[in-house]
Amino acid sequence: MTRRHFSDPEKAREAGRRGGRAKAKRRLTLESVEKLLPPMDGVENIIARLEVVAVWAASGAIPGVTAHALTRGCEVALKALEAKLSREIVTELRQRLEELETATKHQAVRLQR
């Protein structure tokens with residue numbers, strides 16, 4: 001047996017409208033999201049962004065699929081930052097290796113004299 005919360009269908013419709021208006025007031029807009037989410041320009045900001053997304057998802061402010069997409073974007077941004085850092089480290093190591101090889105060659109020449 002189905003339980004009806006309202007005996008008057010008009011009262012039920014009005015309650016539904018009020019609930020819909022309340023949900024619309026909580027809905028995130030692009031403008032509010034841009035203000036509330038930290039940029040993905042560094043590891044600390046990406047972590048802060050993930051924390052905001054987690055709170056929004058837990059509170060029901062965004063659907064799970066949206067939270068997943070935002071989280072995935074953060075993962076990709078972190079990987080890009082990691083790749084950039086790795087390239088910088090490799091470049092520095094190559095330069096240092098060249099310097100050491102040059103110094104070693106000069107020492108070998110001096111020792112042969």
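- Residues satisfying the side-chain contact (heavy atoms from CB on, under 4.5 Å) criterion with Lys84, sequence neighbours excluded, are Arg87, Glu88.
- Applying the salt bridge (charged side-chain N to carboxylate O under 4.0 Å, His left out) test to every pair with at least one member in residues 52-61, sequence neighbours left out, gives no pairs at all.
- Hydrophobic cluster membership differs between Leu28 and Val55, with clusters built from Ile, Leu, Val, Met, Phe, Trp and Tyr side chains linked at under 4.5 angstrom.
- Cluster annotation: Ile62 and Leu36 are assigned to the same hydrophobic cluster (Ile/Leu/Val/Met/Phe/Trp/Tyr, side-chain heavy-atom contacts under 4.5 Å, transitive).
- With sequence neighbours left out, the side-chain contact (heavy atoms from CB on, under 4.5 Å) criterion links Ile89 to Leu85, Leu93.
- Not a single side-chain hydrogen bond (donor to acceptor under 3.5 Å, both in side chains) links Thr104 to another residue, sequence neighbours left out.
- Atom CG in Asn45 sits 11.0 Å away from atom CG in Leu50 (nearest 0.5 Å).
- Under the salt bridge (Lys or Arg N to Asp or Glu O under 4.0 Å) criterion, Glu44 pairs with no residue, sequence neighbours left out.
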Could you go through residues 95-103 and list every donor-acceptor pair under 3.5 Å that involves a side-chain atom there, pairing it with any protein atom two or more places apart or in another chain?
residue	atom	partner	partner atom	Å
Arg96	NH1	Glu99	OE1	3.3
Thr102	OG1	Glu98	O	2.9

Under 3.5 Å, which donor-acceptor pairs link side chains of residues 63-79 to any protein atom two or more places apart or in another chain?
residue	atom	partner	partner atom	Å
Thr71	OG1	Ala67	O	2.8
Arg72	NH1	Glu75	OE1	3.1

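- Summarising the geometry of Pro38 relative to Val52, their closest heavy-atom pair is CD-CG2, 4.4 Å, with the distance given to 0.1 Å.
- For the side chain to side chain donor-acceptor pair (under 3.5 Å) condition, no pair includes a residue of residues 47-64, sequence neighbours left out.
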